[in-house]
Amino acid sequence: MDFDSKYYKSQVNGTISIITRKVLDENLKSLLEEGEGELFLTCIPRNKSCSPEWIVEVASELGEVYILRYKIDFSGNSRGYAYLQYINVNLKESAMEYLPMRFRQLCLPLRVEPSTNNRELVLENVESSLRPWQVYQEMLKIHPFTILRVYEYQFDKFFYIFGYRNNDSAASAHQRVRNVIKKFGAHAHISWLTAESILKRGSDSSCFQQELSHNLTRRVPPRHRGCFKF
């Protein structure tokens, strides 16, 4: 395979990305960027015996690869996992059968699972002097998000759920927010959304929700009781 003519390789922080050079239909590209058909590869050897290029070569035996996102540590070694997508999203089920078999044939321990594509983060314990609209504006400066839900779990106490376009965008936001978390208060905390994140606050919180376009910067209006969307 003429690798360089088919794929483009780049690295941003702890992610090596190998992406197709093929020009795709915009609707298909948008679907793929939202994580459609994504696979989670785990148990990747932490030494450099299983390179991202090699994984793409093996995966491409089944079909054209759209992207591989290969996670590395500070020394450049694998962190043990990666995310893989095919251009044909319908290959996901076939890949879950073919790739484990192929990796076994090559005497490698890699496992293949469907990706959860988690794309939501929870911001908690924000300084009470910061109003929701201020949190909204500060978070938008750090990394763009597509939706914000704000829950009042006690009087004038809130937690915030931010939704992102895909898992990669959410992971980038998670790292950036962690780097500046103190601006939201001494005890502020950002984490991935789980069922426990919501249940521990109770199910009868009042909330308000905002759906955002990429260039929306208008101020969030004053809070009302109950739940509303705008």
Side-chain angles (χ1 to χ4, degrees), residues 10-15 17 30-36 38 40 69 71-74 79 81 83 115-230:
S10 63
Q11 180 179 341
V12 177
N13 298 323
T15 302
S17 296
S30 178
L31 194 68
L32 289 166
E33 287 178 350
E34 290 178 359
E36 186 70 20
E38 189 173 72
F40 180 57
R69 293 186 287 113
K71 301 296 183 175
I72 58 173
D73 60 22
F74 290 109
R79 291 179 61 191
Y81 66 96
Y83 298 90
S115 171
T116 59
N117 194 25
N118 190 349
R119 62 183 82 177
E120 293 185 298
L121 302 176
V122 183
L123 179 64
E124 303 177 271
N125 300 330
V126 173
E127 176 65 47
S128 59
S129 62
L130 286 174
R131 307 312 300 158
W133 68 268
Q134 292 173 303
V135 174
Y136 155 72
Q137 290 185 332
E138 288 300 320
M139 285 290 287
L140 202 58
K141 293 175 187 175
I142 297 169
H143 197 284
F145 47 88
T146 57
I147 189 169
L148 165 62
R149 301 196 301 278
V150 184
Y151 291 84
E152 185 179 35
Y153 61 94
Q154 293 178 11
F155 179 72
D156 229 22
K157 290 183 180 290
F158 306 92
F159 68 93
Y160 304 79
I161 298 176
F162 293 88
Y164 296 85
R165 183 173 177 83
N166 53 37
N167 175 266
D168 203 35
S169 179
S172 177
H174 184 258
Q175 183 61 49
R176 292 183 184 184
V177 175
R178 285 183 63 187
N179 290 340
V180 296
I181 192 66
K182 293 300 183 184
K183 69 167 51 183
F184 297 104
H187 303 291
H189 176 69
I190 187 81
S191 60
W192 291 94
L193 177 67
T194 63
E196 290 76 17
S197 303
I198 303 302
L199 292 175
K200 73 179 182 180
R201 295 299 188 189
S203 59
D204 58 349
S205 303
S206 62
C207 72
F208 51 93
Q209 175 174 313
Q210 177 146 15
E211 290 185 354
L212 307 165
S213 64
H214 289 296
N215 60 358
L216 182 59
T217 57
R218 63 191 176 98
R219 176 171 167 170
V220 177
R223 174 169 54 89
H224 297 282
R225 299 301 300 171
C227 179
F228 61 89
K229 177 179 176 180
F230 55 95

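Predicted model, so just to flag it, every value in this text is computed and none were measured.
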Carefully, step by step, assess Met139 and Phe162 under the rule side-chain contact (heavy atoms from CB on, under 4.5 Å). CA-CA 9 Å; Met139 285 290 287; Phe162 293 88; 3.4 Å; yes
Could you pull out all residues at least two apart from Glu33 that satisfy side-chain hydrogen bond (donor to acceptor under 3.5 Å, both in side chains)? Arg165
Keeping the roles fixed (side chain from Gln11, backbone from Thr15), state whether a donor-acceptor pair exists under 3.5 Å. no
Please report whether the ring centroid of Tyr153 lies less than 6.0 Å from that of Phe158. no
Among residues at least two apart in sequence or on other chains, which ones pass ring-ring contact (aromatic ring centres under 6.0 Å, His included) with Tyr164? His143
Applying side-chain contact (heavy atoms from CB on, under 4.5 Å) between Phe184 and each of Asn125, Leu130, Ile190, report the one that passes. Leu130
Please determine whether side-chain contact (heavy atoms from CB on, under 4.5 Å) holds for the pair Val177 and Lys183, giving the CA-CA distance in whole Å, both sets of side-chain angles, and the decisive distance to 0.1 Å. CA-CA 9 Å; Val177 175; Lys183 69 167 51 183; over 6 Å; no
Measure up the Phe145 and Tyr136 rings against each other and bin them: parallel (under 30°), tilted (30 to 60°), perpendicular (over 60°). perpendicular
Considering residues, nucleotides and ligands other than Asp73, do more than 12 of their heavy atoms fall under 6.0 Å from its CG? yes
side-chain contact (heavy atoms from CB on, under 4.5 Å) between Arg69 and Asp168, intermediate numbers included: CA-CA 9 Å; Arg69 293 186 287 113; Asp168 203 35; 3.1 Å; yes
What heavy-atom pair brings Ser169 and Pro144 nearest, and what distance separates the two atoms? OG-O, 4.4 Å
Within this structure, what is the CG-CZ distance for the pair Asn167 and Phe40, rounded to the nearest 0.5 Å? 9.5 Å
CZ of Arg119 to CD1 of Ile147, rounded to nearest 0.5 Å, is 11.0 Å
Identify the heavy atoms of Ser191 and Glu124 that sit nearest to each other, and give their distance. OG-OE1, 4.1 Å
Backbone N/O of Gly163 and side chain of Thr146: donor-acceptor pair under 3.5 Å: yes
Could you state the interatomic distance from NE2 (His187) to CD (Glu127), rounded to the nearest 0.5 Å? 8.5 Å
Between Arg178 and Ala173, is there a donor-acceptor pair closer than 3.5 Å when you use the side chain of the first and the backbone of the second? no
Between atom CD of Glu36 and atom CG of Asn166, what is the distance when rounded to the nearest 0.5 Å? 12.5 Å
When you measure from the side chain of Asn179 to the backbone of Ile181, do you find a donor-acceptor pair of N or O atoms at a distance under 3.5 Å? no
Heavy atoms only: give me the nearest Glu34-Asn117 pair and the separation to one decimal. O-ND2, 2.9 Å
Any chance you could lay out the side-chain contact (heavy atoms from CB on, under 4.5 Å) test for Trp192 and Leu121, step after step, and finish with the verdict? CA-CA 5 Å; Trp192 291 94; Leu121 302 176; 3.6 Å; yes
To the closest 0.5 Å, what do you measure between OG (Ser172) and CD1 (Ile142)? 11.0 Å
When rounded to the nearest 0.5 angstrom, what is the spacing between CZ in Phe159 and NE2 in His189? 13.0 Å
Determine whether the side chains of Lys157 and Ser128 contain a donor N or O and an acceptor N or O closer than 3.5 Å. no
